[in-house]
S.K.: 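Next up is a structure, given as structure tokens.
All heavy atoms count here, side chains included; hydrogens, waters and symmetry mates do not.
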Amino acid sequence: MSNTIHSKIELNVELDENRVPEKLNWSAQDGGVTNEEAKAVMLSVWDSKAQETLKIDLWTKDMPVDEMKLFFHQTLVTMSDTFLRATQDEKMTATMKDFCDYFADKLELKK
């Protein structure tokens with residue numbers, strides 16, 4: 001019988017009186033992260049029974065729009081990398097990377 005290992009990732013959200021996030025902090029002991037500040041978080045969870053994605057998208061009210069654009073671009077690039085690791089589908093990954101380049105170009109993110 002194998003030993004089960006548990007790992008915990010924790011998100012803490014401080015809301016204002018209108019329930020708008022003012023502060024986001026996260027911890028992941030196994031990753032050496034303790035109560036680190038963040039300005040935005042996107043969390044997706046796959047519900048196999050319902051065959052749908054459940055998600056939480058939060059950002060603080062002081063998250064600058066230019067940083068949000070970078071956050072989205074980097075998230076899209078990371079998703080294409082994850083897609084390749086998960087599926088080994090190089091053709092679709094290349095298409096996704098092309099879109100990431102297009103996205104960055106249209107938002108003038110690349111110098």
S.K.: Go through the steps to decide whether W26 and N12 satisfy the test side-chain contact (heavy atoms from CB on, under 4.5 Å), and finish with yes or no.
M.R.: CA-CA 6 Å; W26 69 290; N12 292 297; over 6 Å; no
S.K.: Quick one: does H73's side chain have a donor or acceptor within less than 3.5 Å of a partner on F103's backbone?
M.R.: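 No.
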S.K.: Quick one: are V13 and L15 in side-chain contact, heavy atoms under 4.5 Å?
M.R.: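 Side-chain contact under 4.5 Å: yes.
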S.K.: Between the side chain of Q88 and the main-chain N/O of R85, is any donor-acceptor distance below 3.5 Å?
M.R.: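 Present.
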S.K.: Evaluate whether atom CE of M79 has more than 12 neighbouring non-hydrogen atoms of other residues, nucleotides or ligands under 6.0 angstrom away.
M.R.: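 12 or below, so no.
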S.K.: Is any side-chain heavy atom of H6 less than 4.5 Å from a side-chain heavy atom of T4?
M.R.: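 Answer yes - side chains close enough.
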S.K.: Are more than 12 heavy atoms, taken from residues, nucleotides or ligands other than E22, located less than 6.0 Å from that residue's CD atom?
M.R.: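 Yes - once you tally the heavy atoms of other residues, nucleotides and ligands closer than 6.0 Å, there are more than 12.
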S.K.: Under a 4.5 Å side-chain heavy-atom rule over Ile, Leu, Val, Met, Phe, Trp and Tyr, are F72 and V77 clustered together?
M.R.: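 F72 does not cluster with V77.
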S.K.: Quick one: closest heavy-atom pair of A28 and I9, and the distance?
M.R.: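 Looking at all heavy atoms of both residues, the closest pair is CB-CG1, 4.2 Å.
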S.K.: Assess whether side-chain contact (heavy atoms from CB on, under 4.5 Å) is satisfied between K55 and V45, documenting all intermediate values.
M.R.: CA-CA 6 Å; K55 60 190 202 75; V45 179; over 6 Å; no
S.K.: Please check if the number of heavy atoms outside L11 that lie under 6.0 Å from its CG is greater than 12.
M.R.: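 It does: L11 CG has more than 12 such atoms within range.
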S.K.: Taking the side chain as every heavy atom from C-beta outward, state whether T78 and T82 have any atom pair closer than 4.5 Å.
M.R.: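 Result yes, sub-4.5 Å side-chain heavy-atom pair found.
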S.K.: For the residue pair S80 and K97, what are the closest heavy atoms and their distance?
M.R.: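 Result for this residue pair: OG-CE, 3.2 Å.
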S.K.: Quick one, M68 with W59, criterion side-chain contact (heavy atoms from CB on, under 4.5 Å). Give me CA distance, side-chain angles, the key distance, then yes/no.
M.R.: CA-CA 9 Å; M68 183 61 89; W59 58 93; 3.4 Å; yes
S.K.: Write down the atom of L43, the atom of D57, and the distance for their closest heavy-atom approach.
M.R.: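 Looking at all heavy atoms of both residues, the closest pair is N-OD1, 4.5 Å.
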S.K.: What I'd like to find out is whether the side chain of L58 reaches to under 4.5 Å of the side chain of L24, using heavy atoms alone.
M.R.: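 Result yes, sub-4.5 Å side-chain heavy-atom pair found.
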S.K.: For K91, is there an ion pair with D89 - N to carboxylate O distance below 4.0 angstrom?
M.R.: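 Salt bridge between D89 and K91, a charged N being under 4.0 Å from a carboxylate O: no.
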S.K.: Between I56 and M42, is a side-chain contact (heavy atoms from CB on, under 4.5 Å) present by the stated rule, with each step listed?
M.R.: CA-CA 6 Å; I56 298 171; M42 291 185 199; over 6 Å; no
S.K.: Quick check for you: to the nearest 0.5 Å, what is the distance between Q74 atom CD and K69 atom NZ?
M.R.: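 Q74 atom CD to K69 atom NZ measures 14.5 Å (nearest 0.5 Å).
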S.K.: Between D30 and S7, does the side-chain hydrogen bond (donor to acceptor under 3.5 Å, both in side chains) criterion hold? Intermediate values first, please.
M.R.: CA-CA 7 Å; D30 289 353; S7 184; 2.7 Å; yes
S.K.: CG of L70 to CG of D66: how many Å apart, nearest 0.5 Å?
M.R.: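 One finds 6.5 Å between CG of L70 and CG of D66.
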S.K.: Is a side-chain donor or acceptor of S27 paired with a backbone partner of N35 at a separation under 3.5 angstrom?
M.R.: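 Confirmed, S27 side chain pairs with N35 backbone.
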S.K.: Measuring from C100:SG to L109:CG, what's the distance to the nearest 0.5 Å?
M.R.: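 These two atoms lie 11.0 Å from each other.
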S.K.: Can you confirm whether W46 sits close enough to Q51 that some side-chain heavy atom of one is under 4.5 Å from a side-chain heavy atom of the other?
M.R.: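 Of all side-chain heavy-atom pairs linking Q51 with W46, at least one is under 4.5 Å.
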S.K.: Nearest 0.5 Å please: distance from the CZ atom of F83 over to the OG1 atom of T95.
M.R.: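 Here the rounded value is 9.5 Å.
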S.K.: Just wondering, are more than 12 heavy atoms of other shown residues or ligands nearer than 6.0 Å to NZ in K39?
M.R.: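 Count over threshold, so yes.
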S.K.: Would Y102 end up clustered with L107 when hydrophobic side chains under 4.5 Å apart are linked, directly or stepwise?
M.R.: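 Linked, Y102 and L107 end up in one cluster.
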S.K.: Backbone N or O of N18 within a donor-acceptor pair of the D16 side chain at under 3.5 Å?
M.R.: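 At least one qualifying donor-acceptor pair exists.
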